[in-house]
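Heads up: the structure comes next, in structure tokens.
For ligands, and for the atoms within them, numbers begin at 1 and follow the listed sequence. Worth saying up front: this structure is predicted, and the values here are computed from it rather than measured.
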Amino acid sequence: MTQHNASGSAADVVDILTTDHKEMMELAGQIKRSSNIEERRDTTETLIAEVMRHAVAEEMYVYPVIEKSIPNGTEEVEHDKQEHDEIVQVMKQLEDCNAADPLFMERVEKLEGLLSHHADDEESEQFPKMRKHISGEQLTELGKRWRRPKMAPTRPHPSAPHSELFHKSVGAGVGMVDRLRDKLNGRQTN
Ligand SMILES: [Fe+2]
Ligand SMILES: [Fe+2]
């Protein structure tokens with residue numbers, strides 16, 4: 001099924017990335033609102049899977065186009081990748097932290113802050129530049145490619161995040177971030 005934006009036209013990659021950002025922030029809010037430890041951990045793992053899928057797809061599909069089409073694109077991409085690495089570090093700290101430990105929520109809040117910064121940065125700086133320098137046709141084409149990796153598992157529930165089943169197939173716990181990355185990277189090359 002083709003995703004559509006508010007104006008009814010087919011969603012391009014900028015629309016999809018923006019929706020992803022919203023979903024991440026919603027998941028982070030859900031973790032903070034939950035008082036059930038198990039649910040907190042489960043939602044955190046779903047958030048981690050969602051962030052990995054988003055970051056890997058950005059690096060594989062979007063950043064090469066930014067480097068090619070946007071003035072100073074290479075510097076922008078470098079900066080973004082550094083921020084992704086910071087996010088990955090916090091997610092790894094979360095993997096081996098007990099969800100009942102107060103430190104867990106501290107790390108969730110740290111992750112939320114980094115994600116919010118990531119989303120603001122891209123939405124206010126990068127996306128307008130993408131719309132300016134990359135043709136609508138190419139943005140729509142990128143959007144189609146973007147959707148492919150997250151189509152893989154059938155959604156268990158209409159409101160469930162794309163990566164919920166995916167994270168369950170990869171498995172939880174320590175090493176999850178790296179396993180997700182390997183799986184996502186490998187998925188594209190075959
Ligand atoms: Fe990014
Ligand atoms: Fe992003």
Side-chain angles (χ1 to χ4, degrees), residues 3-6 10-31 43-94 107-134 136 138-152 160-164 166-167 176-178 180-185 187-188:
Q3 260 178 279
H4 289 83
N5 60 20
D12 68 20
V13 73
V14 172
D15 296 321
I16 296 170
L17 288 166
T18 307
T19 306
D20 272 5
H21 290 163
K22 267 192 210 116
E23 283 177 1
M24 291 179 201
M25 297 320 293
E26 268 168 35
L27 284 168
Q30 222 174 292
I31 300 163
T43 311
T44 300
E45 283 163 2
T46 297
L47 173 62
I48 289 174
E50 184 71 3
V51 172
M52 281 316 287
R53 187 194 52 72
H54 179 86
V56 169
E58 274 184 348
E59 290 177 16
M60 293 185 86
Y61 302 130
V62 181
Y63 294 172
V65 180
I66 290 182
E67 282 185 279
K68 217 167 53 187
S69 317
I70 292 179
N72 298 317
T74 310
E75 286 80 16
E76 292 225 8
V77 163
E78 250 344 285
H79 171 81
D80 276 350
K81 283 186 180 166
Q82 271 170 23
E83 290 191 354
H84 286 187
D85 285 345
E86 255 182 89
I87 289 170
V88 164
Q89 288 320 312
V90 179
M91 294 197 303
K92 284 187 173 182
Q93 288 172 358
L94 268 169
R107 288 173 175 170
V108 165
E109 275 180 43
K110 177 144 189 231
L111 178 61
E112 185 188 38
L114 290 173
L115 290 174
S116 155
H117 171 82
H118 163 100
D120 285 349
D121 235 26
E122 292 186 338
E123 287 170 27
S124 65
E125 298 278 330
Q126 222 170 62
F127 296 174
K129 287 187 197 161
M130 285 171 74
R131 290 230 196 265
K132 186 169 172 215
H133 296 282
I134 303 167
Q138 203 179 351
L139 290 176
T140 307
E141 193 46 49
L142 270 171
K144 280 186 200 150
R145 269 210 251 168
W146 180 273
R147 262 188 303 270
R148 226 173 284 147
K150 71 188 189 189
M151 292 295 281
H162 320 292
S163 300
E164 189 161 6
F166 179 50
H167 114 244
M176 182 188 166
V177 169
D178 289 327
L180 283 163
R181 176 143 52 195
D182 289 349
K183 186 126 188 201
L184 284 161
N185 279 325
R187 186 174 284 229
Q188 309 314 319

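Using cut-offs of 30° and 60° for the angle between ring planes, the His84 and His118 rings count as tilted.
For residues 72-93, every residue pair satisfying the salt bridge (charged side-chain N to carboxylate O under 4.0 Å, His left out) rule, not counting sequence neighbours, is listed here: Glu76-Lys129, Lys92-Asp178.
Residue Leu139 holds its CG atom at 12.0 Å from NE2 of His133, rounded to the nearest 0.5 Å. To the nearest 0.5 angstrom, Asp15 atom CG is 11.5 Å from Asp20 atom CG.
Side-chain atoms of Glu58 and His54 include a donor-acceptor pair closer than 3.5 Å.
Contact of the Leu180 side chain with the Arg53 side chain is not registered, since no non-hydrogen atoms from C-beta on lie closer than 4.5 Å.
Listed by chain and number, His21 NE2, His54 NE2, Glu58 OE2, His118 NE2, Glu122 OE1 are the protein N/O/S atoms closer than 2.8 Å to the Fe ion (ligand 2), with waters left out.
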